[in-house]
There are 2 protein chains.
Amino acid sequence: MTTAPASQFDAIAALEDAGLRITGQRRQVVAAIDRKDAGFTAEALASELDGVGRATVYRTLKLLVEADVICKLALPDGTPMYSPSRVEHHHHSVCTSCGAVEEFRDSTVERVLRSLNREIEGEIIGHRMEVFIRCRACLISTDE
Amino acid sequence: MTTAPASQFDAIAALEDAGLRITGQRRQVVAAIDRKDAGFTAEALASELDGVGRATVYRTLKLLVEADVICKLALPDGTPMYSPSRVEHHHHSVCTSCGAVEEFRDSTVERVLRSLNREIEGEIIGHRMEVFIRCRACLISTDE
DNA sequence: GTAGTTATTGAGATTCAGTATCAATTGAGA
DNA sequence: TCTCAATTGATACTGAATCTCAATAACTAC
Ligand SMILES: [Mn+2]
Ligand SMILES: [Mn+2]
Ligand SMILES: [Zn+2]
Ligand SMILES: [Zn+2]
């Protein structure tokens with residue numbers, strides 16, 4: 001038994017909690033994201049939602065990132081990707097072949113930061129960590 | 001006594017080793033980078049080098065990244081930054097106020113990856129870690 | 001040193017992601 | 001239902017990065 005996936009209602013509630021209006025377009029964006037099972041780009045999402053303007057898709061993605069409903073991450077070449085966020089504080093592994101995103105918590109990461117706190121001059125205000133993988137499915141499909 | 005800074009000759013040698021021609025423009029780019037004491041953007045470098053075309057600056061930066069002479073990293077908002085690379089394998093702390101970049105080695109980071117190797121389905125092919133800080137100088141200059 | 005080959009260059013066009021504008025629309029509370 | 005600020009979308013715009021291609025210059029061989 002694994003963690004229950006975030007439903008689209010959580011996302012809508014998060015937008016409401018932020019004092020935002022629940023519009024048809026925002027529902028469409030949330031519903032489309034809910035169908036995703038891998039990372040996706042803003043542009044892909046936009047062209048898949050014919051009823052919703054491009055600018056609105058970008059605006060909504062930004063709102064959802066701010067509301068911690070989705071995460072914005074990046075491939076090795078910098079291409080921005082989005083993925084639903086299902087775990088409180090976490091990092092990501094991204095399959096560079098198929099875009100599959102896994103979230104992971106690892107206390108060791110936090111230990112790194114604590115150790116840096118001593119080494120580094122100044123105040124730590126944030127961090128980013130992404131692990132790039134070739135997922136099992138992709139390893140198999142390339143014939144071993 | 002700290003590690004000797006990489007000189008511009010190392011960079012030139014790296015380009016030679018890659019079988020590339022040593023041109024006046026590439027010397028200018030390398031020399032300008034050598035003067036930097038913080039992270040910089042490609043565009044800033046380009047507009048500072050009047051004698052060198054913009055496209056050439058971008059091309060040279062890419063070559064230097066491939067040659068491990070400089071590192072390409074990113075601010076929290078995704079803005080690409082470059083910085084000279086002086087340590088073998090490392091990660092970065094970036095001051096989001098002044099752009100100062102520190103490189104650090106931390107064996108704990110590598111330990112994180114080893115632990116992930118067990119958790120994660122698939123093969124790890126790379127990773128990225130950036131720590132965002134407010135450096136001591138910036139903390140002070142903002143009046144505590 | 002000269003000549004030949006070919007990598008490199010620069011100006012400008014082009015692409016692409018993302019943002020700004022602003023008049024028209026609409027959600028949500030009163 | 002009424003009201004009005006929030007939201008939307010078409011489109012223009014920005015800025016980073018890449019592409020094109022004729023002109024140039026770095027290396028190599030002689
Ligand atoms: Mn996430
Ligand atoms: Mn570096
Ligand atoms: Zn995969
Ligand atoms: Zn600073």
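Convention: sequence-line order gives letters A, B, ...; per-chain numbering from 1.
- Between the CG atom of L61(A) and the P atom of dT8(D) there is a distance of 12 Å, given to the nearest Å.
- P84(A) and F40(A) get closest at one heavy-atom pair: CD-CE2, 4.3 Å.
- K36(B) has a carboxylate O that lies under 4.0 Å from a charged side-chain N of E48(B), or vice versa, which qualifies the two as a salt bridge.
- In this structure, of dT7(D), dG9(D), dG10(C), it is dG10(C) that holds the atom nearest to the side chain of T56(B).
- Across the strands present, dA30(C) finds its partner in dT1(D); the criterion is a Watson-Crick or G-U wobble pair with both atom distances under 3.5 angstrom.
- Atoms CD (E16(A)) and P (dA6(D)) sit 17 Å apart, rounded to a whole Å.
- Contact annotation for G51(B): backbone-only contact, meaning every heavy-atom pair under 4.0 Å involves sugar-phosphate atoms and none involves a base.
- One finds no salt bridge joining E123(B) and R136(A) here, because no Lys/Arg side-chain nitrogen approaches an Asp/Glu carboxylate oxygen to under 4.0 Å.
- The side chain of R26(A) contributes an N or O atom lying less than 4.0 Å from OP1 or OP2 of dT8(D).
- Of the residues listed (T23(A), D34(A), L63(A), T60(A)), the one engaging V29(A) in a side chain to side chain contact (heavy atoms under 4.5 Å, CB included) is T60(A), and it is the only one.
- In this structure, the CZ atom of R21(A) is 16 Å from the P atom of dT25(C), given to the nearest Å.
- Checking Y82(A) against Q25(B), the closest nucleotide of DNA chain C that is more toward the 5' end is the one next to Q25(B).
- When each of P80(B) and I22(B) is assigned the nucleotide of DNA chain D bearing its nearest heavy atom, the one mapping closer to the 5' terminus is P80(B).
- Using a 4.0 Å heavy-atom distance criterion, R54(A) is classed as a base contact.
- Summarising the geometry, the separation between CZ on R59(A) and C1' on dA6(D) is reported as 11 Å, rounded to the nearest angstrom.
- Atom-to-atom, CD1 of I12(B) to P of dC27(D) comes out at 10 Å; the value is rounded to the nearest Å.
- Between the NZ atom of K62(B) and the P atom of dT8(C) there is a distance of 14 Å, given to the nearest Å.
- With dA7(C), dA17(D), dT26(C) as the candidates, the nucleotide lying closest to the side chain of Y58(B) is dA17(D).
- Checking dG10(C), dG18(C), dA5(D) against the side-chain heavy atoms of A42(A) singles out dG18(C) as nearest.
- OP1 or OP2 of dA7(C) has not a single side-chain nitrogen or oxygen of T23(B) nearer than 4.0 Å.
- The distance from atom CG of L75(A) to atom C1' of dA17(C) is 14 Å, rounded to the nearest whole Å.
- Checked for salt-bridge contact, R21(A) and E16(A) miss the test: no charged N lies under 4.0 Å from a carboxylate O.
- Nucleotide dG18(C) holds its C1' atom 15 Å from the CG atom of L45(A), rounded to whole Å.
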